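Here the structure comes first, spelled out in structure tokens, and everything after it is commentary.
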2 protein chains.
Amino acid sequence: MKLSTKSRYAVTAMLDLAIHDRVGPVTLADISQTQGISLSYLEQLFAKLRKQGLVAGVRGPGGGYRLAQPAHEITVASIITAVDENVKMTRCQGSGDCHDGQRCLTHQLWDELSEQLFTFLDGITLDQFANRPEVQQIVRRQQQQHPRPAHPHFIFGRSAA
Amino acid sequence: MKLSTKSRYAVTAMLDLAIHDRVGPVTLADISQTQGISLSYLEQLFAKLRKQGLVAGVRGPGGGYRLAQPAHEITVASIITAVDENVKMTRCQGSGDCHDGQRCLTHQLWDELSEQLFTFLDGITLDQFANRPEVQQIVRRQQQQHPRPAHPHFIFGRSAA
DNA sequence: CTAAACCTGACTTAGAAGGTCGGGAATTGT
DNA sequence: ACAATTCCCGACCTTCTAAGTCAGGTTTAG
């Protein structure tokens, strides 16, 4: 379990996706704009998220990304492990041959720590997270600064024409 | 709160110190041998630990390092924050101006996470840790592979002469 | 005085984070 | 059919930090 800004970017992007996906696929360009993450970097992250079956890409105009699972089934932990495939903190994790073929003094502690983290993050789903009041508030502000016009294709039940 | 091998090295070294300091100061050379950490690197780490008042250096022959506080008052968290002075995980931590002068979506989550970690590590003292059965076992093995003869100066109450 | 230890700071190296670039392949609207 | 839009892919670059090295100090017990 590793915690980097990379992980945070991934979680942020997935959250954005979870919030907006009911109006159709979300483009990486939108996420890039709204969340301030480089487009190319997002592409790298989403490649991994796709391989892990967390999102599905929709090609062509009007396309973008959608969640491949319902938001209440996607945990923050699963997102982080998806983009940071190098789950083991150090050479230690594997089979305990961290030092001279023996396990180092702190091996056990780091294991416990890792588990604490995982348990915490595994208990939070995208769904729960998206519904937090603080998050909602930020989303509203972002809506004003970076409006997301729905693609024409996805307006069919509305009073738009 | 940051978790690197650097932190682990520091905790390992402090643990070694806590275990052996009743027979006098412990040299960095000893720790380097026993724990497999580069001597110069240890010196860097201990410079920081000393500045934070966790250890005290004793110069000259027969010298080394001692704990500057009783082992039951030193927490793992204090060791980690001592060597990783850059406590903030990202630009985010400071005042929440992570993105466009606004706080990013995951700001709150990362804060909570950081706190979870800290609480966990702050609840573990060197003392507690050193007395764990697993740790004791490793120490015994290390004693056989890397015996630590006490310096003559510190043998005065024994049947050594 | 000298050797053992701490102390200091500058330097090097490896690897990862974060980002860029250029070109594809699929799909939709016209 | 065709062009625009989007995902998709891989190579590359830059910057930063962990981790380690090196070369010199300074203090102090014997």
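Naming convention: chains lettered A, B, ... in sequence-line order (proteins, then strands); numbering from 1 in each chain. Being a predicted model, the structure only gives us computed values, none of them experimental.
By the 4.5 Å heavy-atom criterion applied to side chains, A/Phe46 and A/Leu17 are counted as neighbours.
For B/Gln44, counting side-chain heavy atoms from C-beta on, the closest listed nucleotide (D/dG20, D/dA29, C/dC6) is D/dG20. Side-chain proximity of A/Tyr65 to the nucleotides C/dA17, D/dA18, D/dC7 is greatest for D/dC7. Between D/dT28, D/dG20, C/dT20, one nucleotide has an atom nearer to the side chain of B/Pro61 than all others, and that is D/dT28. Side-chain proximity of A/Arg59 to the nucleotides C/dA25, D/dT5, C/dG19 is greatest for C/dA25.
The structure places CD of A/Gln136 at 10.5 Å from CG of B/Leu105, a figure rounded to the nearest 0.5 Å.
At the heavy-atom level, B/Phe46 lies nowhere under 4.0 Å from the strands shown. At the heavy-atom level, A/Leu39 lies nowhere under 4.0 Å from the strands shown.
The two residues B/Arg132 and A/Glu112 have their closest heavy-atom pair at NH1-OE2, 2.7 Å.
In A/Glu115, the CD atom is not crowded: 12 or fewer heavy atoms of neighbouring residues, nucleotides or ligands sit closer than 6.0 Å.
A straight line from CG of B/Leu45 to P of C/dC7 spans 14 Å, rounded to a whole angstrom. In this entry the distance linking CZ of B/Arg50 with C1' of D/dT27 reads 12 Å, nearest Å.
Side-chain to base pairing of B/Glu43 with D/dT21: no donor and acceptor N or O lie closer than 3.5 Å to each other.
Across the interface with DNA chain C, nearest-nucleotide mapping of B/Ser40 and B/Val26 shows B/Val26 to be the residue nearer the 5′ end.
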